[in-house]
Amino acid sequence: NQDNYGKVDVGMTQAQVEAILGPGTEQASTAVAMPAMPNMPAVPGAPAPATTAVPARNMTTKVLIWRNGGKLISVTMIDDKVFSKTQVGL
């Protein structure tokens with residue numbers, strides 16, 4: 001319902017979301033290997049010191065949905081944290 005949808009916030013874990021909405025259904029997931037990026041500024045637009053580097057890592061994306069008749073909640077997770085949410089018909 002709309003009240004529970006409003007309780008879901010960016011940065012929550014899947015466990016926190018499912019504590020509010022119940023178990024979701026995974027619609028899609030991907031894992032992407034991000035290469036190390038030497039000399040990346042910590043703040044966009046800031047000059048990069050020679051020793052700054054972003055290490056290689058895997059980034060995961062997952063879309064979970066909750067459906068009840070014509071009502072739908074969709075939550076996109078990046079690295080196991082809520083990145084965005086949408087709803088239809090609540």
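Numbers here simply count residues along the sequence, with the first being 1.
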Practice prompt. Any salt bridge (Lys or Arg N to Asp or Glu O under 4.0 Å) involving residues 2-17? Give me the pairs, sequence neighbours left out, ordered by first then second residue.
Written response: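 Listed once each, the pairs would be none.
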Worksheet item: Do Y5 and L21 belong to the same hydrophobic cluster, where Ile, Leu, Val, Met, Phe, Trp and Tyr are linked whenever their side-chain heavy atoms lie under 4.5 Å apart, directly or via other members?
Response: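 Yes, Y5 connects to L21 through the hydrophobic network.
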Worksheet item: Do L72 and V17 belong to the same hydrophobic cluster, where Ile, Leu, Val, Met, Phe, Trp and Tyr are linked whenever their side-chain heavy atoms lie under 4.5 Å apart, directly or via other members?
Response: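 They do not share one cluster, since no chain of ILVMFWY contacts under 4.5 Å joins L72 to V17.
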Worksheet item: Which pairs with one or both residues in residues 12-27 pass side-chain hydrogen bond (donor to acceptor under 3.5 Å, both in side chains), sequence neighbours excluded?
Response: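 As it turns out, the side-chain hydrogen bond (donor to acceptor under 3.5 Å, both in side chains) pairs with a partner in residues 12-27, which skip direct neighbours, are T13-Q16, Q14-E18, Q14-K62, E26-S29.
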Item to complete: Applying side-chain contact (heavy atoms from CB on, under 4.5 Å), run through F83 and M77 and close with a yes or a no.
Response: CA-CA 5 Å; F83 177 76; M77 314 282 294; over 6 Å; no
Discussion item. For D80, give me all partners under salt bridge (Lys or Arg N to Asp or Glu O under 4.0 Å), at least two apart in sequence or on another chain.
Written reply: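 Residues passing salt bridge (Lys or Arg N to Asp or Glu O under 4.0 Å) with D80: none at all.
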Practice prompt. Applying side-chain contact (heavy atoms from CB on, under 4.5 Å), run through M12 and I20 and close with a yes or a no.
Written response: CA-CA 11 Å; M12 286 182 156; I20 297 167; 3.9 Å; yes
Worksheet item: Any idea which heavy atoms bring N58 and A33 closest together, and the distance?
Response: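 Nearest pair, atom of N58 first, then A33: OD1-CA, 3.4 Å.
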Fill in: side chain to side chain contact (heavy atoms under 4.5 Å, CB included) partners for K71, two or more places apart
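Result, side chain to side chain contact (heavy atoms under 4.5 Å, CB included) vs K71: L90.
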Discussion item. I'd like to check the side chain to side chain contact (heavy atoms under 4.5 Å, CB included) partners of T61; sequence neighbours left out, ordered by chain and number.
Written reply: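 So T61 forms a side chain to side chain contact (heavy atoms under 4.5 Å, CB included) with T30, M59, T76, I78.
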Worksheet item: Quick check: does any side chain N or O of W66 sit under 3.5 Å from a backbone N or O of S74, one acting as donor and the other as acceptor?
Response: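 Absent.
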